[in-house]
Amino acid sequence: MSLDKIEIFPWNKNFDTGIPKVDQQHQRLVELLNKLVSHLAFQSEAPELDAIFNELKSYALVHFQTEEAVWKASLADDPWVTEHKETHESFVDEVLRIKSEMSDRPFDDVIADIVAFLTNWLAMHIIDADKRLANAVLALQAGKSLDEAKKVAEDQMTGTTKLVIETVLSMYDRLATHTVELIKEIGKRKKAEKKLMDAHRALSRAKMDAETANEAKSAFLANLSHEIRTPLNAMIGMVHLLKRDGMTEKQTSRVFKIEDASHHLLSVINDTLDLSKIEAGKLTLESVPINLSGLILETTRMLEDRIESKGLELKIESGNLCGNLLGDPTRLKQMLLNYLNNAIKFTDRGSILLRASLSDDTPSTALLHVEVKDTGIGIAPERLPLLFNDFEQAEPSTSGKYGGTGLGLALTRRLAELMAGDSGAQSVPGSGSTFWFTARLKKETSLPMQSVAAPEQAEAQLTKHYRGKSVLLVEDNEINLEIACDILEEVGLCVTTATNGAEAVAIAEHQPFALILMDIQMPIMDGLEAARQIRALGQHSSTPILAMTANASVEDKKNCFAAGMQDFISKPVDPEQLFQALLRWLGAEA
């Protein structure tokens with residue numbers, strides 16, 4: 001028996017009547033019965049089931065006509081022939097009855113009826129009634145009279161033959177019962193398999209829907225980030241220019257508030273976008289050379305004005321952070337900013353201590369440990385375990401009084417875990433809090449140590465050594481173009497502008513530049529294609545091309561480097577970081 005076939009009625013010599021035409025048709029009827037039962041067990045589709053049923057009924061009618069002709073030819077209108085014909089008619093009636101109930105009764109009950117009736121009827125019909133008639137026909141053909149032939153047939157159906165018949169009928173009765181149970185078990189398994197397959201398909205659809213939703217969410221957030229970063233770049237750049245122009249005390253206060261609000265909005269965008277990427281499993285960490293001392297200096301300088309405005313003291317204990325290390329400077333700075341911003345927000349007087357150290361050295365890695373300690377309001381013990389959950393804050397009333405989304409700490413923990421580290425906090429209400437994180441950084445002994453100039457040194461060195469250098473600025477936003485021009489011209493650079501990639505390529509074909517600053521998302525031709533075409537120009541094969549864009553993801557950076565750019569400055573642009581990048585690449589060009 002194969003896995004998709006049940007042979008409920010295996011043919012053997014006990015069923016032979018000795019009349020070839022009748023035996024051939026009996027075998028065909030048995031094949032159709034086995035086919036019907038197999039279909040009931042393994043498929044049960046109504047159209048095909050109907051077709052098999054109809055085929056069995058139709059062939060039975062053909063067989064009955066053949067049989068009746070054979071019997072009548074030898075036995076004429078003998079009562080045996082008449083009685084046999086009546087059994088044929090009862091067979092057809094019963095088949096039609098069972099078929100008519102298939103749609104109204106439980107399927108298992110219909111199966112039991114079909115198997116029991118057909119098996120018992122065929123067995124009894126073939127090995128009892130048909131064999132008796134066949135024996136009589138064969139005796140007549142041997143020269144016996146009708147009465148003598150019937151007597152011979154009766155004698156042949158007694159004794160051992162009768163015992164065989166009873167044994168075979170009993171065997172097929174039990175076989176029918178076991179087959180029904182087998183079909184029911186197969187049915188249960190089929191239902192379970194179908195349920196499992198349906199669940200699997202539903203899970204696959206749900207997974208695809210979730211992935212599609214995540215893709216859509218990521219694309220939306222990336223576009224939202226770009227659209228917010230672009231005007232933020234204008235706000236922060238304009239604040240930088242206003243601060244240099246000289247203002248009254250009241251104007252200065254207002255400008256600082258604009259700057260604080262801009263940086264807060266940027267922080268919310270960064271945290272939301274990164275948390276979304278982590279949840280989708282699509283956040284990629286960079287592994288580039290980092291200077292931890294310079295990174296700490298850059299981060300704390302961004303917050304100097306806020307710290308000074310609150311009258312707080314910032315202390316830094318960084319120990320020996322030397323070493324050629326690889327990591328993600330953008331994410332590390334983001335984590336530092338989250339902790340420092342919270343410390344400033346929740347501390348009204350006293351000090352903030354930033355402590356950083358390297359430990360747990362191995363030949364290939366070092367563990368960075370960072371902690372930020374404040375003398376602020378502190379946190380209740382029962383709230384501490386919840387702080388690193390999404391959208392959680394120290395108290396339900398915190399967001400109303402101090403602002404914030406409750407994402408910063410959750411993101412910091414997720415980033416620390418991605419860096420094979422951890423995060424945590426200790427706090428005493430009324431005395432302050434200490435927040436810490438660790439991150440495992442790779443060592444790279446083949447790289448030279450990076451040095452970072454102090455921001456005011458970078459600006460001064462640009463003004464002193466690179467005044468008059470020609471720079472191509474490519475930017476499609478009119479306000480951002482104006483602000484970037486003013487910042488570059490402040491340090492004495494000569495600026496040529498283009499508002500799309502095609503225009504930039506046309507200008508670069510005829511004019512040499514010491515450096516090119518390239519926006520990415522622009523009309524007509526984007527910055528990536530423009531960089532590729534400019535790089536192909538002979539005179540600009542080695543000209544530094546720096547991306548300056550609101551497309552700020554790691555993937556965006558990779559695309560920029562693949563297009564032939566050497567560095568990446570994300571918007572909103574911090575003028576001090578811009579000065580350092582300009583100094584680094586103009587110095588390399590010199």
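Please read all numbers here as calculations on a predicted model, not as lab measurements. Along the sequence shown, residues carry numbers from 1.
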- Which is it for Asn500 and Asp476 under the side chain to side chain donor-acceptor pair (under 3.5 Å) test, yes or no, and what are the steps along the way? CA-CA 6 Å; Asn500 61 68; Asp476 68 314; over 6 Å; no

Have [X] and [Y] got a donor and an acceptor in their side chains that come within less than 3.5 Å?
X: Glu529; Y: Gln533; value: yes
X: Asn338; Y: Thr412; value: yes
X: Ser262; Y: Lys257; value: no

Taking [X] first and then [Y], would you say they form a salt bridge - that is, a charged N and a carboxylate O separated by under 4.0 Å?
X: Arg414; Y: Glu417; value: no
X: Arg306; Y: Glu259; value: no
X: Arg532; Y: Asp526; value: no
X: Glu489; Y: Arg467; value: no
X: Glu459; Y: Arg244; value: yes

If I take atom [atom1] from residue [X] and atom [atom2] from residue [Y], how far apart are they, to the nearest 0.5 angstrom?
X: Leu358; Y: Thr438; atom1: CG; atom2: OG1; answer: 12.0 Å
X: Leu337; Y: Leu332; atom1: CG; atom2: CG; answer: 11.0 Å
X: Asn233; Y: Ile228; atom1: CG; atom2: CD1; answer: 13.5 Å

- Task: Fit a plane to each ring of Phe513 and His540, take the angle between them on a 0 to 90° scale, and name the class: parallel (under 30°), tilted (30 to 60°) or perpendicular (over 60°).
- Result: parallel

- Task: If the plane angle is over 60° it's perpendicular, under 30° parallel, otherwise tilted; pick one for Tyr339 and Phe437.
- Result: tilted

- Minimum side-chain heavy-atom gap Leu418-Arg331 below 4.5 Å: no

Which pair of non-hydrogen atoms, one from [X] and one from [Y], has the smallest distance, and what is that distance?
X: Glu490; Y: Thr463; result: O-OG1, 4.5 Å
X: Leu586; Y: Ala514; result: CD2-CB, 3.8 Å
X: Arg440; Y: Thr362; result: NH1-CG2, 4.4 Å

- Task: Report the C-alpha distance between Phe561 and Phe568 in whole Å, list the side-chain angles of each, state the deciding distance to 0.1 Å, and finish with yes or no for ring-ring contact (aromatic ring centres under 6.0 Å, His included).
- Result: CA-CA 8 Å; Phe561 294 143; Phe568 187 98; 7.1 Å; no

- Item | Sole residue of His200, Lys195, Arg201 in side-chain hydrogen bond (donor to acceptor under 3.5 Å, both in side chains) with Asp198 | Arg201

